[in-house]
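Owing to the predicted nature of the structure, the values given are computational and were not obtained by experimental measurement. Chain letters run A, B, ... following the sequence lines, proteins first, then strands; residues in each count from 1.
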Amino acid sequence: MSLASEGADLSKPLDLAQPSLAGVEDYVALLKPRVMSLVVFTALVGLLVAPGHIHPVIGFAALLCIAIGAGASGALNMWYDADIDAVMTRTARRPIPAGRVQPGEALAFGVMLACFSVAVFGLLVNWLAAALLAFTIVFYVVVYTMWLKRSTPQNIVIGGAAGAFPPMIGWAAVTGDITLAPVLMFLIIFFWTPPHFWALGLLKSDDYARAKVPMLPVVAGPDATRRQILIYSLILAPVGLAPAVAGFAGLIYGAVALACGAVFVRLAWRVYRDRAGAAAATAAKRLFAFSLLYVFVLFAALLADNLLARLGFAP
Amino acid sequence: MSDDDGIVLTEEQKRRRRARSIAIALSLGVLVLLFYAVTLVKGPAVLVRPL
């Protein structure tokens, strides 16, 4: 019996005559809280390092809207990808394939939150930031989820842009414009996304193949994926340093970015070198784990550097 | 049971419906507080802004 048949029949239309089985925790799961935490953190950094002042209440409203917009994207992604989620072991227990939330409920939940977050963001903060949030949601749901994910192994390269926008949105919430600094923050996440997801793809390629998702390890094979991981890591390391080189961040950030970039490239090299057996899996796991740490540490360093500079403690 | 009884919820379904209702109420409460706080911060002209 397939996992799909144990849960919801995804081909059935929304049956409003059936009482919902969804608990609050299922709706929280639809928001993809772990992804949301990264989005909120990078948006917070973008908001705090932006020049200018934003009232804490308005800043909180901005972050809330960004978080809800990200959650809406997650819910709409789960609605559209319920068929894929049902056959992948990593995602089979999500609320829709498990049968606790009907697809129509997730669709309504996601559309409502998306519209609401953008409208409130525009009314309470500013419309440039709201437009960027709307673009991010549409890009993630329509361009990535509906189009690229099922059609090209470059899906997460292009789709990764959606995850790179939050610091730019946070910046725009304060300044009302876009300059080089938020573009550099965007580029860090943009070039970080492929090695991060391909490291996971190497470990879960059977899952993706079963779901017929054309991830790079499935389509081009693990060796080509390892080469791409190394190439993107070699691009990511100098891009990570760019804020310091451009004068947007100081020595503390520069030192952290240099060290983290070196570790990232070293781990990517191990993924490229160790191609068989337990060593290959270990190398991919280590790169995946460090990639999560990398983006948090880099943005935390950017924030710390900026705050110290504002307090007059810049080295 | 007659047809007029409609859908009869189980205790678990009632518990989950109640939890969802409380979550919606709390969310609306947070929203009211947020709009109140923003109105205090920005003043009564909060909705008057150039597009």
Which pair of heavy atoms, one from [X] and one from [Y], lies closest together, and at what distance?
X        : Y       : result
B/Leu34  : A/Ala61 : CD1-CB, 3.9 Å
B/Arg16  : A/Asp26 : NH1-OD2, 4.3 Å
B/Ala19  : A/Val24 : O-CG2, 3.3 Å
A/Val125 : B/Lys42 : O-NZ, 4.3 Å

Interatomic spacing from OG in B/Ser27 to CD1 in A/Ile68 - rounded to 0.5 Å =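 Separation between the atoms: 8.0 Å.
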Can you sort out the partners of B/Glu11 under salt bridge (Lys or Arg N to Asp or Glu O under 4.0 Å), two or more places apart, ordered by chain and number?
->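 If we apply the salt bridge (Lys or Arg N to Asp or Glu O under 4.0 Å) test to B/Glu11, skipping adjacent residues, the hits are B/Lys14.
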Taking B/Leu31, B/Leu9, B/Ile22 one by one, which has the highest count of heavy-atom pairs under 4.5 Å against chain A?
->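 Of the candidates given, the most pairs with chain A belong to B/Leu31.
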Below 4.5 Å from any heavy atom of chain B, which atoms of A/Leu128 appear? Answer side chain, backbone, both or neither.
->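 Nothing of A/Leu128, per the 4.5 Å heavy-atom cut-off to chain B.
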Does [atom1] belonging to [X] count more than 12 external heavy atoms closer than 6.0 Å?
X       : atom1 : result
B/Tyr36 : OH    : no
B/Arg17 : CZ    : no
A/Arg93 : CZ    : no

What residues of residues 39-55 of chain A sit under 4.5 Å from chain B when only non-hydrogen atoms are counted?
->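 Residues A/His55 are the ones that qualify, each having a heavy atom under 4.5 Å from chain B.
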